[in-house]
Amino acid sequence: MGVTDPIRVVVAKPGLDGHDRGAKVIARALRDAGMEVIYTGLHQTPEQIVDTAIQEDADAIGLSILSGAHNTLFAKVIDLLGERDALDIKVFGGGIIPEADIGPLKEKGVAEIFTPGATTTAIVDWVNANVRQPTGA
């Protein structure tokens with residue numbers, strides 16, 4: 001994939017969380033900003049999410065969690081990416097995530113966390129600025 005190709009983002013809802021409106025809003029905002037978005041749908045396992053990201057040659061995974069399982073599920077996605085030698089796929093997330101959990105999630109390898117109130121513009125701008133760096137730059 002050349003650096004001029006659109007950024008490819010897998011947007012996923014891991015776990016048993018059944019509310020996906022926010023994930024769909026983010027997926028549409030990223031798409032409208034010119035990115036290729038693969039939305040996996042509800043109730044995805046970390047294994048399914050990582051498999052999709054690798055199969056789709058994704059540059060990033062955006063996880064949306066409202067269920068409170070963010071520490072477990074985000075960590076599992078990061079661990080699986082490591083096992084598959086795919087840590088070049090950046091992981092970012094959003095949802096109902098307490099401030100106290102953000103630091104440990106970032107230490108684990110989550111690149112950014114967006115909490116309620118984050119604008120779609122802020123998320124699109126962050127993805128554009130941080131997800132894919134041109135090779136040789």
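Small disclaimer: the values here were computed from a predicted structure and weren't measured.
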Practice item. State, yes or no, whether a side-chain contact exists between Leu30 and Val124 at a heavy-atom distance under 4.5 Å. Key: yes
Review point. With the 4.5 Å side-chain cut-off for hydrophobic clustering, are Ile7 and Ile89 part of the same group?
Key: no
Point to revise | Euclidean distance, Ser67 OG relative to Leu16 CG, rounded to 0.5 Å | key: 7.0 Å
Review point. Which atoms form the tightest heavy-atom contact between Ile96 and Pro116, and what is the distance?
Key: CD1-CG, 3.6 Å
Review point. Is there a side-chain contact between Phe74 and Ile113 (heavy atoms, below 4.5 Å)?
Key: yes
Check your understanding: Going only through I, L, V, M, F, W and Y residues with side-chain contacts under 4.5 Å, is there a path from Val25 to Phe114?
Key -> no
Exercise for review: Would you name the heavy atoms of Val10 and Ala58 that are closest together and state the gap between them?
Suggested key: CG2-CB, 3.8 Å
Review point. Taking atom CG of Asp57 and atom CD of Glu36, what is their separation to the nearest 0.5 Å?
Key: 10.0 Å
Check your understanding: Is there a donor-acceptor pair closer than 3.5 Å between any side-chain N or O of Arg8 and the backbone N or O of Met35?
Key -> no
Check your understanding: Considering only heavy atoms from C-beta outward, does the side chain of Pro14 approach that of Ile49 to under 4.5 Å?
Key -> yes
Point to revise | N/O donor-acceptor pair under 3.5 Å between Lys13 side chain and Thr40 backbone | key: no
Check your understanding: Same cluster for Leu81 and Leu105 if Ile/Leu/Val/Met/Phe/Trp/Tyr side chains link at under 4.5 Å?
Key -> yes
Revision key, fill the gap. Sorted by chain and residue number, the ring-ring contact (aromatic ring centres under 6.0 Å, His included) partners of Phe92 (sequence neighbours excluded) come out as Trp126
Check your understanding: Just by distance, do the side chain of Gln44 and the backbone of Leu42 share a donor-acceptor pair under 3.5 Å?
Key -> yes
**Study point:** CD on Gln48 to NE2 on His43, rounded to 0.5 Å
**Key:** 11.0 Å
Check your understanding: Val11 and Ile61: same hydrophobic cluster, using ILVMFWY side-chain contacts below 4.5 Å?
Key -> no
Point to revise | Ile26 side, atom CD1; Leu63 side, atom CG - distance, nearest 0.5 Å | key: 12.5 Å
Practice item. Decide yes or no for Pro46 and Leu73: does some side-chain heavy atom of the first lie under 4.5 Å from some side-chain heavy atom of the second? Key: yes
**Study point:** Check against side-chain contact (heavy atoms from CB on, under 4.5 Å), Asn71 and Ile97
**Key:** CA-CA 9 Å; Asn71 289 324; Ile97 299 171; over 6 Å; no
**Study point:** Separation of His70 NE2 from Asp101 CG (nearest 0.5 Å)
**Key:** 3.5 Å
Check your understanding: Taking 4.0 angstrom as the limit, do Glu112 and Lys106 come out as a salt bridge?
Key -> yes
Point to revise | Asp17 side chain to Leu66 backbone, donor-acceptor under 3.5 Å | key: yes
Check your understanding: Heavy-atom distance under 4.5 Å between the side chains of Ile102 and Thr115, does that happen here?
Key -> yes
Review point. Taking everything shown except Asp85 itself, do over 12 heavy atoms lie less than 6.0 Å from its CG?
Key: no
Review point. When you measure from the side chain of Lys108 to the backbone N and O of Ile78, does any donor-acceptor pair fall under 3.5 Å?
Key: no
**Study point:** Glu56 (side chain) donor-acceptor with Ala53 (main chain) under 3.5 angstrom
**Key:** no
Exercise for review: Please lay out, stage by stage, how Thr45 and Lys76 fare under the test side-chain contact (heavy atoms from CB on, under 4.5 Å).
Suggested key: CA-CA 9 Å; Thr45 66; Lys76 183 66 173 173; over 6 Å; no
Review point. Ile65, Leu80: one ILVMFWY side-chain cluster at the under-4.5 Å cut-off?
Key: yes
Exercise for review: Could you tell me which non-hydrogen atom of Pro6 sits nearest to which non-hydrogen atom of Gly34, and how far apart they are?
Suggested key: CB-O, 3.4 Å
